[in-house]
Novice: 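What follows is a single structure, and I will ask about it in a moment.
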Amino acid sequence: MPLTNREIADIFEKVATLLEIKGEIIHRVLSYRRAGETIRDLPRDLHAIAAEGTLTAIPGIGDTLATKITEMLETGTLQFYEKLAAEIPPGLVEVVHINGVGPKKAKLFWKELNITTIPELEAAAREGKLRNLAGMGEKSEKKIIEGIEALSRQTGRVPLGIALPAAQAILDRLMTLAGASEGAIAGSIRRGRPTIGDVDLLVASDDATPIMDTFVKMEQVARVLGHGPTKSSVELLNGLQVDLRILEKSRWGTALNYFTGSQAHNIRMRELALKAGYSLNEHAFSPVDSQGNIQEDAPKILCDSEEKVYATLGLPWIPPEIREDSGEIEAAQAGKLPELITLNDIQADLHMHTTWSDGTLSIREMAEAALQRGRKYIVITDHSQYSAIANGLSVERILQQQLEVRQVDQEMGGRIRVFHGVEMDIRSDGTLDYPDEVLEKLDFVVASLHISLRQPREQITQRVLNAINNPHVDLIGHPRGQLLPDREPADLDMDAVFAAAKEHGTALEINANPRRLDLEAQYARRAVELGIPICIDTDAHAAEQMDLMGYGVLTARRGWVTAASVINTWPVEKFIQWTQQRGK
DNA sequence: GCCGTTTTCGGCCCGACTGTTTTCAGTCG
């Protein structure tokens, strides 16, 4: 079994931690860590990139790491890691995951007490053996026990669809307090990441203390992880960690920019600032001398808006969703930032269900709900016959349904157009769930994987290719089949999927349901670069699920998607024209 | 380990909070 991108990323990240425990210089450590992060979010397989000989074109991959990647691709292992793991117990990588334990402490426990695993550490802490070590005391011993308990409670990353409303509720509460003049959700939620590690909130106020005190004493707080005058962290009863920072309003721009991240983007911003003669932090730009020392007597530049922060560096404002140091700084410098799609651009929803299969509303009710939300046209796409559990439509029923769709379309009197489609299963054996004679009667055909998602790469890829190669199929729904936060995507050869979609002009979906957000941003970006049409759909099974469109738009924006690439931003005439060109 | 119209060698972002310290190291984001 060849190693996947994810497995290679894991090895690099383990190497980074082991090197850090060993005491290696931090920049070498960070090279491995950054390489791991980059590879984790890569939209292409390392196999394909290696075959092209372009591994070193990946940012942060030089000759050394390219050689190591090649070794892993060819042999499935990395000698350098094996050697390192023989020298430094690899169990320490887990120990470092305990909150409050870093590489230095892990090394201390290992060297002094021969501790190499979390259970050993917990036992030592409970026996009071840690408190006498250098730099340790009773409090830090207690914190380690708490850290281990927190780790076992930890639910992992939280889907954006859960974290965002929770964050908004807390922020709303804080903004009712006197002295809170401005507030924002920052961090990875603001950047629209599909899953969230912790919630970052920012409030502007000249009097932070009462707001901080309220924050750490909220009823949903399980424990206070840190409590300072401008920065506090709490763990909620539901396990979510929330960080709050409070700064003066005159510093809102630098603060929001800093607290939104990503860290990699911040580093680039600070490097740019240094080149321009400033040290940049969350408070201000501070002039530095040629040695890089801050000139305390020189006036600082305060920014009350993010626009001003970027302008100080000679840049246009960069949308949060693309602040990942994945080319946005260079694009901004060149004046080539994309005009990202917005929710207002969305004209239609091309994937939804009704009571004909597993939805909760009739065709007419879905049309009314879509109209209320400003949609100009929709496609009714109930499940196909193979999805018996979802009350999928037999050939007879889907033909019947068409009559009702046509009738509702008439009834709506042009206020909204209602088209007839289907979400057709791609069956396990790779065949499609309706014959061409049925498909050709439909206005729009979505084909989706729902079952046998764990098939080997070649087999499952071929299923998707079969669908794309059918001229009646217009869109591949939720192409990778992931469910957040836990179900892994199918092992698809995305290069092959993209090539086929490009050849046939088949669209790929960004499913807006926050459980899916599939395609993910990096794949959407790649698809758009290749000229493949995108469709952002809610897959709504009820009226209120139509309101989830914003999550899909966020994901699209993370993928640098502009409205022009998205079918359902088009006016209905253009949509009809597109489907007719495809033989409808 | 990466990277480069200042550099192929010598840099590599910055600050808050904690707990242990008598002035700071470690951790975190």
Novice: Between dG26(B), dG15(B), dG1(B), which one does the side chain of Glu282(A) approach most closely?
Specialist: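 Given the options dG26(B), dG15(B), dG1(B), the side chain of Glu282(A) is closest to dG15(B).
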Novice: Please list, by residue number, the residues of residues 267-281 of chain A whose heavy atoms come closer than 4.0 Å to an atom of DNA chain B; answer none if no residue qualifies.
Specialist: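 Contacts with DNA chain B under 4.0 Å: Ile267(A), Arg270(A), Glu271(A), Leu274(A), Ser279(A), Leu280(A), Asn281(A).
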Novice: Using residues 208-222 of chain A as the side-chain source, report each donor-acceptor pair under 3.5 Å to any protein atom, sequence neighbours left out, with the distance given to one decimal.
Specialist:
residue	atom	partner	partner atom	Å
Asp213(A)	OD1	His227(A)	NE2	3.4
Thr214(A)	OG1	Pro210(A)	O	2.9

Novice: Enumerate the residue pairs fulfilling salt bridge (charged side-chain N to carboxylate O under 4.0 Å, His left out) with a member in residues 326-343 of chain A, sequence neighbours excluded, ordered by first and then second residue.
Specialist: Arg268(A)-Glu330(A)
Novice: Scan the side chains in residues 277-284 of chain A for donor-acceptor partners under 3.5 Å anywhere in the protein, sequence neighbours excluded, and list what turns up.
Specialist:
residue	atom	partner	partner atom	Å
Asn281(A)	OD1	His283(A)	N	2.7
Asn281(A)	OD1	Ala284(A)	N	3.0
Glu282(A)	OE2	Arg245(A)	NH1	3.1
Glu282(A)	OE2	Arg245(A)	NH2	3.3

Novice: Could you check which residues of residues 79-100 of chain A get a heavy atom under 4.0 Å from DNA chain B? Sort them by number, please.
Specialist: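 Contacting residues: Ile98(A), Asn99(A), Gly100(A).
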Novice: Could you go over nucleotides 21-24 of chain B and give all protein N or O partners under 3.5 Å, atom names and distances?
Specialist:
none

Novice: Please list, chain by chain and in numerical order, all residues satisfying ring pair (Phe, Tyr, Trp, His ring centres under 6.0 Å) with Phe109(A), sequence neighbours excluded.
Specialist: none
Novice: Not counting sequence neighbours, list each pair that qualifies as a salt bridge (charged side-chain N to carboxylate O under 4.0 Å, His left out) and has a residue in residues 54-72 of chain A.
Specialist: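 As it turns out, there is no salt bridge (charged side-chain N to carboxylate O under 4.0 Å, His left out) pair with a partner in residues 54-72 of chain A once direct neighbours are skipped.
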Novice: Provide the full list of salt bridge (charged side-chain N to carboxylate O under 4.0 Å, His left out) pairs with a residue in residues 83-109 of chain A, sequence neighbours left out, each pair given once.
Specialist: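 Passing the test, one end in residues 83-109 of chain A: Lys22(A)-Glu87(A).
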Novice: Listed in order of residue number, which residues of residues 222-237 of chain A have a non-hydrogen atom at under 4.0 Å from DNA chain B?
Specialist: Gly226(A), His227(A), Gly228(A), Pro229(A), Thr230(A), Lys231(A)
Novice: dC14(B) C1' sits how many Å from His283(A) NE2, rounded?
Specialist: 10 Å
Novice: Could you check which of dG26(B), dG29(B), dC2(B) has an atom nearest any side-chain atom of Lys105(A)?
Specialist: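 Per side-chain heavy atoms of Lys105(A), the pick is dG26(B).
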Novice: What's the spacing between Ile39(A) CD1 and Glu13(A) CD if we round to 0.5 Å?
Specialist: 9.0 Å
Novice: Hunt down the Watson-Crick or G-U wobble partner of dT8(B), both distances under 3.5 Å, from any strand shown, or write none.
Specialist: none
Novice: Using a heavy-atom distance cut-off of less than 4.0 Å, which residues of residues 18-33 of chain A contact DNA chain B?
Specialist: Ile25(A), His27(A), Arg28(A), Ser31(A), Tyr32(A)
Novice: According to the salt bridge (charged side-chain N to carboxylate O under 4.0 Å, His left out) rule, which pairs have a member within residues 181-190 of chain A, sequence neighbours left out?
Specialist: Glu182(A)-Lys249(A), Arg190(A)-Glu306(A)
